[in-house]
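So the structure is just underneath, and the comments pick up after that.
Values in this document were obtained by computation on a predicted structure and should not be read as measured data.
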Amino acid sequence: MGKQAVGNRFGAALLALVIGVLINLGIPKPALAAAPQPAPAPAEIVRIGAFLTGLGDLDPANKRFSASFWLWTVSPPDSGSPLDRLEFPNAIKVESPNAVIEPTPYGVWAQRKIVGIFRHDWDLRQFPFDRQVLRLELEEAERDSSSVVYAPDSANSSHDRDLELKGWRVRSTRLVTTSKPYLTTFGDPRLKAGASSSYARAELQVLLERSDRSGFWKLTAGAFVAALMALASYGLRVDNPSALSPRFGLLAGSTFAAVISLRTSAADLGASGYTTLIDQMHAVALLYILLATAGGVVAWRRFQRHGDVAAIRRLERRMAGTTTLGFAVVILALVFSAMASAAV
C-alpha cells in the first residue's frame with residue numbers, strides 16, 4: 001500500500017506538471033511594462049522688452065536706417081544670459097555701449113543699450129503720403145524654441161515721447177514675439193537629418209507717418225513745368241510758318257524736361273521694382289505732351305489740306321481744353337487715391 005500511495009502521488013504531480021506546461025504554452029504571458037521615459041524639460045520662458053530712444057539716417061536709396069534702443073530680459077537664474085546669445089537678423093552694424101545685469105526675486109534682469117544700422121525695404125509707392133513700419137529684429141542664436149521661448153513685456157515696451165524725427169511722426173511702437181522656422185537642423189547630429197528647427201524671435205515694430213509734404217513738390221515740379229510748356233505750344237499757330245518750328249521745339253523741350261525730372265525723382269527715392277505715385281504723375285505728364293504733339297500734327301495737316309484757319313483754331317482750343325482737363329482730373333485722382341490708401 002505504501003508503494004501504491006507513492007506512485008499515485010507521483011502520477012498526480014506529473015499530471016499537474018503536464019497540465020501547467022500546456023497552460024503556459026496556450027496562454028501568452030503578459031508583456032513587461034516599458035520603462036517610463038523622462039518627460040522633456042519645458043522650454044524656459046524669457047521675458048523680453050525694448051524701448052526706442054532714437055531714430056535717424058533714414059536712407060531709402062540705400063535701404064537702411066539707424067536706431068538706438070534699450071533692450072532687456074528677465075530669465076531664470078540658471079539659463080545664462082539671453083542677451084549674450086542674441087543676434088540681429090536685419091542689422092548691418094550693431095554696438096552695445098552700456099549693459100546692466102542684476103539678480104532679482106523674479107529672475108535675472110539684464111539690460112543693454114543697442115545702437116546700430118538696420119536694413120529696411122522702403123515702400124515708396126504712395127510717397128509722400130506713405131507710412132513705414134521699421135523693424136528691429138532680435139533672435140535667439142544658440143538654443144532652439146524647444147529650450148527657450150520669448151514672452152513680450154508689452155507694458156514697458158514703447159518709445160521716447162520726446163523723440164523727434166524731421167519730416168516724420170512716430171505713430172506707435174509694438175513688440176511682437178514669435179518663432180522663426182528654418183528648414184535645417186544646422187548640422188546638429190542629435191536631430192534627424194533633413195528635419196527643421198525654430199528659434200525664438202522678437203520684433204520691435206515702429207510705425208512712421210510722413211509729415212513733410214515739401215518733397216512732393218520738389219519731385220513733381222519738373223513734370224508740371226513740362227506740362228505747362230506743352231500747353232503753351234497751343235499758342236503757336238500752325239498757319240504761321242515761322243511759328244511751326246518753335247512749336248514742335250517747345251514740345252520736344254517739354255518731353256526732355258519731363259524725362260529728366262522722372263529720372264531725378266527715381267534716383268532721389270531709390271525706388272525700384274514698382275511704380276510710385278511720382279512715376280505715375282510723370283507718365284501722365286508725358287502722355288499729355290504726346291497728345292499736344294499729336295494735336296499739333298493734326299492741326300498742321302488739316303491746314304495743309306483745307307486751309308480753314310478758323311476751324312483749325314477751334315479744333316486746337318477743344319484739344320487744349322479737353323486734354324488739360326483730363327490731365328488735372330487724373331492727377332487729382334492719383335493724389336486722392338494715395339491719400340486714401342495712406343489713411344487705412
Side-chain angles (χ1 to χ4, degrees), residues 55 58-65 120-135 164-172 205-235 250-295 316-344:
L55 275 176
L58 306 185
D59 189 352
N62 293 310
K63 301 184 183 301
R64 62 176 63 181
F65 68 96
H120 176 64
D121 189 10
W122 295 81
D123 186 350
L124 300 173
R125 282 174 288 190
Q126 307 300 336
F127 173 89
F129 309 104
D130 55 315
R131 292 183 175 186
Q132 304 292 330
V133 179
L134 306 182
R135 290 178 169 83
E164 293 185 2
L165 192 60
K166 186 177 180 181
W168 294 88
R169 183 183 301 111
V170 180
R171 300 294 297 178
S172 64
Q205 300 177 353
V206 185
L207 176 60
L208 295 184
E209 181 180 70
R210 195 183 296 271
S211 59
D212 183 11
R213 304 284 191 261
S214 61
F216 173 77
W217 302 109
K218 293 177 183 177
L219 297 180
T220 57
F224 291 135
V225 169
L228 287 174
M229 291 169 62
L231 178 62
S233 69
Y234 286 105
L250 187 61
L251 290 168
S254 63
T255 303
F256 181 76
V259 171
I260 293 299
S261 176
L262 175 60
R263 295 187 62 180
T264 302
S265 65
D268 289 345
L269 294 179
S272 61
Y274 53 79
T275 302
T276 66
L277 171 64
I278 305 301
D279 294 336
Q280 294 173 342
M281 296 178 71
H282 279 83
V284 174
L286 287 169
L287 178 60
Y288 178 76
I289 296 168
L290 178 62
L291 292 176
T293 304
E316 289 197 297
R317 282 195 294 269
R318 285 196 299 269
M319 290 191 65
T322 302
T323 56
T324 303
L325 178 61
F327 174 78
V329 168
V330 173
I331 291 295
L332 290 175
L334 290 174
V335 171
F336 286 130
S337 176
M339 294 175 64
S341 298
V344 175

Can you tell me if Gln126 uses its side chain to pair, donor with acceptor, with the backbone of Leu277 under 3.5 Å? no
Measure the shortest side-chain to side-chain distance between Val335 and Phe216 over non-hydrogen atoms and say whether it is less than 4.5 angstrom. yes
Atom pair CG (Leu291) and OG1 (Thr322), whose distance is rounded to the nearest 0.5 Å: 10.5 Å
Closest non-hydrogen atom pair between Leu251 and Ile289, with its separation: O-CG2, 3.9 Å
Given Val284, Leu124, Leu262, Leu269, the one that forms side chain to side chain contact (heavy atoms under 4.5 Å, CB included) with Asp279: Leu262
Just verifying a value: how many Å separate Thr220 OG1 and Phe127 CZ, rounded to the nearest 0.5 Å? 9.0 Å
Cut-off 3.5 Å, no hydrogens considered: what does the side-chain donor-acceptor table look like for residues 323-334, sequence neighbours left out?
{"residue": "Thr323", "atom": "OG1", "partner": "Met319", "partner atom": "O", "Å": "2.6"}
{"residue": "Thr323", "atom": "OG1", "partner": "Ala320", "partner atom": "O", "Å": "3.4"}
{"residue": "Thr324", "atom": "OG1", "partner": "Tyr288", "partner atom": "OH", "Å": "2.7"}
{"residue": "Thr324", "atom": "OG1", "partner": "Ala320", "partner atom": "O", "Å": "2.6"}

Using side-chain heavy atoms (C-beta onward) and a distance below 4.5 Å, is Trp168 in contact with Gln132? yes
Got Leu286 and Leu290 here, is their nearest side-chain heavy-atom distance under 4.5 Å? no
Within a strict 4.5 Å, meaning less than it, do heavy atoms of the Asp130 and Trp122 side chains meet? no
What's the shortest heavy-atom distance between Leu219 and Ser261, and which atoms? O-OG, 3.7 Å
Ser341 side chain to Ser337 backbone, donor-acceptor under 3.5 Å: yes
Grab the two heavy atoms, one from Val133 and one from His120, that are nearest each other, plus how far apart they are. O-CE1, 3.1 Å
Measuring from atom NE2 of His282 to atom OG1 of Thr275, what distance do you get when rounded to the nearest 0.5 angstrom? 13.0 Å
So, the side chain of Asn62 versus the backbone of Arg64: is there a donor-acceptor pair under 3.5 Å, distance only? no
May I ask you to test the Arg171-Arg169 pair for a side-chain heavy-atom distance under 4.5 Å? yes
Inspect the surroundings of CZ in Arg213 and state if more than 12 heavy atoms from other residues, nucleotides or ligands are less than 6.0 Å away. yes
Mind listing the closest non-hydrogen atom pair of Asp123 and Arg125 along with its distance? OD2-NH2, 2.6 Å
Does the side chain of Leu207 reach to within under 4.5 Å of the side chain of Val170, using non-hydrogen atoms? no
Looking only at heavy atoms, the pair that brings Pro128 and Arg210 closest together is O-CD, 3.3 Å
Of all the heavy-atom pairs spanning Phe224 and Trp217, show the shortest one and how long it is. CE1-CZ3, 4.1 Å
In this structure, CD1 of Ile278 is separated from NZ of Lys218 (nearest 0.5 Å) by 13.0 Å
